[in-house]
Amino acid sequence: MSSAALSFTVQVRSDVMPDDQREAVLANPGFGKTYTDHMVLATWTAGQGWHDGKVTAYGPLSLDPSAAVLHYAQEIFEGMKAYRHADGSVWTFRPKFNAARFVRSARRLALPELPETDFIESLRALVTTDQKWVPAGDAGESSLYLRPFMFASEAFLGVRPASVVTYCVIGSPAGAYFAGGLRPVSIWLSTDYTRAARGGTGEAKCGGNYAASLAAQVQAKDNGCDQVAFLDAVERRWVEELGGMNLFFVHGDGTIVTPELTGTILEGVTRASILELAGDLGLTVKEGRVSIDEWRDGAASGEITEVFACGTAAVVTPIGRLAWQGGEVVIGDHEVDGGVGAVTSSIRQALLDVQYGRVADSRGWMTRLA
Ligand SMILES: Cc1ncc(COP(=O)(O)O)c(C=O)c1O
């Protein structure tokens, strides 16, 4: 099997989106609606390893109806962003973290590992080719969302790891998650469903986890909530995470606590970064078990002063209300700060300042892409 680094041949299309149309998209990109002119593709076969890396025109993929991914969901993905700095350069945040998580996800889903250098080069190849699609950083919190993913493309209905696998990266311009200004979201506590069990795929970033969370997300909406929170699958007592974000609890004494990694939680790059940054802001951080009673009682008594969720898409999201079958509790002081606590705001700002190059990158978290 070849172990040489992949190279990405660039096939620039002649029919790229005209400048004025692209600028109109970038002025109001929303999320996940429009894609850049190109995408990255590479193929892995059991005999040849990774090969045929290329940047090519963005467009539909042709798949045999028997392709294994369509039947057995052998698929993994990543989510990250490219940020434009004030001098026009384009950077991404901690790509080695995502590359390593992609490798761990691949192992869990019996997919081939993509080496870290190939992963980062694939991002660089796409962003260099489509760099006009990275919104200006001064326009608030806009970025180019990058979605690397890998799936079993072999045409075969037997249940076994595929011997033909496709890797792809697509890019989609993204506006500020909270376009009308930061506002607290409401959370529905799922008691009917769990997201992951020990030994399952909870700590892998695979499509199946998200398919399994959708029924719970529908219940959240039906109950007037924005997002869903999951408890552990064994005792149904320990808080794990949201459908697509990790959780932090801010206590009155300046300690911030996040659920520890038990094998069922996705280890977020944002979570890991907050654990490192918090000390700079004078906060004490702790990874530990947080019970649902602690959340409910702490919010009701005021001992928990703020709760926030974190992830690449929304950075840091304040949580203003937790609801469940038969009850709810409001978190924080909405009279004073509109529900966005001071700790939540300062952590959010600290992360954004590094990502957009507004402060020195003292931890070497940023990697230049273009
Ligand atoms: C289930 C889940 N938890 C947490 C996160 C946050 O991870 P990150 O900070 O790496 O975006 C995500 C998003 O990727 C997710 O899908």
Side-chain angles (χ1 to χ4, degrees), residues 31-32 73 75-83 92-105 108-109 119-120 123 141 143-150 169 172 174 177 185 187-188 190 193-197 200-217 220 226-233 238-249 256 258-278 285 287 290 307-317 319 344 347-348 350-352 354-355 365-367:
F31 182 80
E75 188 266 359
I76 58 171
F77 66 100
E78 272 302 324
M80 42 214 306
K81 286 174 170 173
Y83 309 89
T92 194
F93 183 67
R94 305 190 72 180
K96 290 184 177 185
F97 191 104
N98 297 83
R101 190 168 67 185
F102 203 53
V103 166
R104 293 198 300 276
S105 298
R108 181 62 186 86
L109 273 288
F119 181 87
I120 295 174
L123 306 176
E141 293 168 22
S143 61
L144 180 66
Y145 183 80
L146 298 171
R147 169 55 61 88
F149 59 107
M150 188 196 290
V169 188
S172 178
Y177 194 87
V185 299
I187 300 295
W188 175 252
S190 184
Y193 301 107
T194 56
R195 180 184 170 275
T201 57
E203 65 183 349
K205 203 161 167 66
C206 60
N209 288 346
Y210 299 81
S213 75
L214 295 177
Q217 180 63 31
D226 299 304
Q227 309 240 349
V228 64
F230 292 102
L231 298 175
D232 79 283
W238 306 105
V239 179
E240 300 225 304
E241 61 178 321
L242 304 188
M245 284 187 266
N246 294 119
L247 281 167
F248 276 89
F249 299 85
I256 66 169
T258 190
E260 66 190 358
L261 302 174
T262 54
T264 55
I265 294 175
L266 188 84
E267 184 180 6
V269 61
T270 321
R271 173 190 180 280
S273 306
I274 291 170
L275 288 173
E276 284 193 49
L277 267 179
V285 288
E287 294 178 79
V290 179
V307 181
F308 64 85
C310 66
T312 297
V315 195
V316 164
T317 304
I319 294 173
T344 303
I347 289 176
R348 181 181 166 77
L351 277 169
L352 287 169
V354 176
Q355 290 168 340
W365 279 347
M366 302 306 291
T367 294

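Whatever order the structure lists them in is the order used to number ligands and atoms, beginning at 1.
Proximity of the aromatic rings of Phe31 and Tyr145 is defined here by a centroid distance below 6.0 angstrom, and this criterion is met.
Between the Arg94 side chain and the Met366 main chain, no donor and acceptor come within less than 3.5 Å of each other. Remark: the backbone N or O of Thr201 is paired with a side-chain donor or acceptor of Asn209 at under 3.5 angstrom. Side chain of Asp226 to main chain of Val185: no donor-acceptor pair is present (N/O by atom type, distance under 3.5 Å, no hydrogens or angles). Without hydrogens or angle criteria, Thr258 side chain to Leu247 main chain gives a donor-acceptor distance under 3.5 Å.
At least one heavy atom of Arg195 sits closer than 4.0 Å to an atom of ligand 1. Residue Arg101 places a heavy atom less than 4.0 Å from ligand 1. Heavy-atom distances between Ala272 and ligand 1 stay at or above 4.0 Å for every pair.
For the pair Met245 and Gln227, the minimum side-chain heavy-atom distance is below 4.5 Å.
Here Tyr210 has side-chain heavy atoms under 4.0 Å from ligand 1, and that is the only part of it that gets that close. With a 4.0 Å cut-off on non-hydrogen atoms, Glu267 does not touch ligand 1 at all.
What sits closest to atom 5 (C) of ligand 1 on the protein, heavy atoms only, is Gly244 O, 3.4 Å. If you check which protein heavy atom lies closest to atom 9 (O) of ligand 1, you get Thr270 OG1, 2.5 Å. In terms of protein heavy atoms, atom 7 (O) of ligand 1 is closest to Gly268 CA, 3.3 Å. Scanning all protein heavy atoms for the shortest distance to atom 3 (N) of ligand 1 gives Glu241 OE1, 2.5 Å. Atom 14 (O) of ligand 1 has as its closest protein heavy atom Lys205 NZ, 2.6 Å.
When only interatomic distances are considered, the shortest N/O to N/O separation between Thr312 and ligand 1 falls below 3.5 Å.
Of all atoms in ligand 1, numbered sequentially from 1 with element shown, those under 4.0 Å from a heavy atom of Asn246 are 4 (C), 6 (C). The distance from ligand 1 to the heavy atoms of Gly243 drops below 4.0 Å at these ligand atoms: 1 (C). Residue Val269 has at least one heavy-atom neighbour below 4.0 Å for each of these atoms of ligand 1: 8 (P), 9 (O), 10 (O).
Interatomic distance, Arg108 CZ to Cys206 SG, rounded to the nearest 0.5 Å: 8.0 Å.
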